[in-house]
Amino acid sequence: MATTAPTGSPLSQPSLTQPPPPRKLTTVKVLSESPGLSSIPSIYTFPKQTYHEPVSDTKEPIPTIDFSLLTSSHPDQRSKTIRELGIACRDWGFFMVTNHGVPERMMKAIIEVCREFFELPEEEKRGIGGKHVLDPIRSGTSFNESVDEILCWRDYVKIFQHPEFHSPNKPPSFREIALEYSKRVRLVAREIIRGISESLGLEKDYIDETLNLENGLQLIAANLYPPCPQPELAMGLPPHSDHGLLTLLIQNQIGGLQVQHKGKWVNIDPIPNSFLANIGDHIEILSNGKYKSVLHRAVVNNRDVRISIAVPHGPALDAIVSPAPKLVEIVGNPPAYGAMKYKEYLELQQGSMLNGKSSLERIRNGV
Ligand code: OGA
Ligand code: NI
């Protein structure tokens, strides 16, 4: 088997006196390219009962928000779109964004340059960035190599884009493409967040100003899901909600994302030239639970390499997030979540195993 046995696996013999040696995992890319690989190592096997429930055959399409109407100078069009945005956030937490103005060539370029990054020699990738959640560049495999009990069939690179821009030096064109892409996507995200703010009955700039989005955290999180010989046993990313406020995701036209809707998993088909948007835990906190961050996961397949580029947008790292007082008063119920600095939440969520909405549960009041 290509990985060393982690603590707690049946293959390791944890000693009572010595700490376990740090794991050095090979990437899933290398593993998937092993000649004649026909089954997956047991450390990649997720328990069937909890992770492989049937997928809904619902044909209910996820909502679509036409971004050009959100920025329309016709007040009627804008308010209609804001109502639709509010319904999408309330009922799904996920929606497509069309007519966003980010050129298709930029979307293709970022996917291709991330593919080139993953194709760099393994020794080079290993030397890039750090391992801590707040390191501006982090590259690796699974979700959190040091704590994951079951490994995800996924390699990743996460790069902070804002308020400070970072880029790996290789591939050489990464910097320019990432800078352009993240700038354009940030404009779209901030405008959608303004719309979300208004849809909650708050001032248009309430979220932007309260959470200091001028210095908001934005990263590029690129995911590589190589073909898997036993896709029904593995998981690209197990069910989770995203930290932050709004994630905008694109992919290389290979499906794999599933969203939980009305208690069932729903396949989300890629639609060219659009973003898949989802609200994160901090919109749930700020809205005092009116909008819920939604569970989603990535499944894998045995044929195609899947690449997705998620761009999460969060508050400024030092911003303290709590339910908006206006929403708490109007609804007449107490704040459902405790106040917490975004940075601390990020360390909590990214430093743990990916486990549903367990990080958010920890700051919920009265549960
Ligand atoms: C993520 C994520 C889903 C996908 O990166 O947080 O949910 O389809 N990705 O890759
Ligand atoms: Ni996610």
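In each ligand, atom 1 is the first atom listed, and ligand 1 is the first ligand listed.
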Out of curiosity, Ser293 OG to Leu246 CG, how far, rounded to the nearest 0.5 Å? 12.0 Å

Could you state the interatomic distance from CG (Leu249) to CZ (Phe275), rounded to the nearest 0.5 Å? 9.5 Å

I want to verify a count. Protein N, O or S atoms less than 2.8 Å away from the Ni ion (ligand 2), how many are there? 3

Identified ring pair (Phe, Tyr, Trp, His ring centres under 6.0 Å) counterpart of Trp153 within the set Phe46, Tyr225, Tyr44: Tyr44

Can we say Arg175 and Glu180 salt-bridge, meaning some charged N sits less than 4.0 Å from an Asp/Glu carboxylate O? no

Less than 3.5 Å apart, N/O on ligand 1 and N/O on the protein: could you list those pairs with the distances?
{"unit_1": "ligand 1", "atom_1": "5 (O)", "unit_2": "Asn223", "atom_2": "ND2", "d": "3.2"}
{"unit_1": "ligand 1", "atom_1": "6 (O)", "unit_2": "His240", "atom_2": "NE2", "d": "3.2"}
{"unit_1": "ligand 1", "atom_1": "6 (O)", "unit_2": "Asp242", "atom_2": "OD1", "d": "3.3"}
{"unit_1": "ligand 1", "atom_1": "7 (O)", "unit_2": "His240", "atom_2": "NE2", "d": "3.1"}
{"unit_1": "ligand 1", "atom_1": "7 (O)", "unit_2": "His296", "atom_2": "NE2", "d": "2.9"}
{"unit_1": "ligand 1", "atom_1": "8 (O)", "unit_2": "Arg306", "atom_2": "NH1", "d": "3.1"}
{"unit_1": "ligand 1", "atom_1": "8 (O)", "unit_2": "Arg306", "atom_2": "NH2", "d": "2.8"}
{"unit_1": "ligand 1", "atom_1": "10 (O)", "unit_2": "Asn223", "atom_2": "ND2", "d": "3.4"}
{"unit_1": "ligand 1", "atom_1": "10 (O)", "unit_2": "Tyr225", "atom_2": "OH", "d": "2.6"}
{"unit_1": "ligand 1", "atom_1": "10 (O)", "unit_2": "Ser308", "atom_2": "OG", "d": "2.6"}

Under the side-chain hydrogen bond (donor to acceptor under 3.5 Å, both in side chains) test, which residues partner Asn267, sequence neighbours left out? Gln258

Geometric cation-pi criterion Lys158 and Tyr156, 6.0 Å radius, 45° cone: yes

Once salt bridge (Lys or Arg N to Asp or Glu O under 4.0 Å) is applied, what residue pairs with a partner in residues 298-307 remain, sequence neighbours excluded? none

Donor-acceptor side-chain pairing of Asn288 and Tyr337 below 3.5 angstrom: no

Would you please say whether a donor-acceptor pair under 3.5 Å links the side chains of Thr27 and Glu122? yes

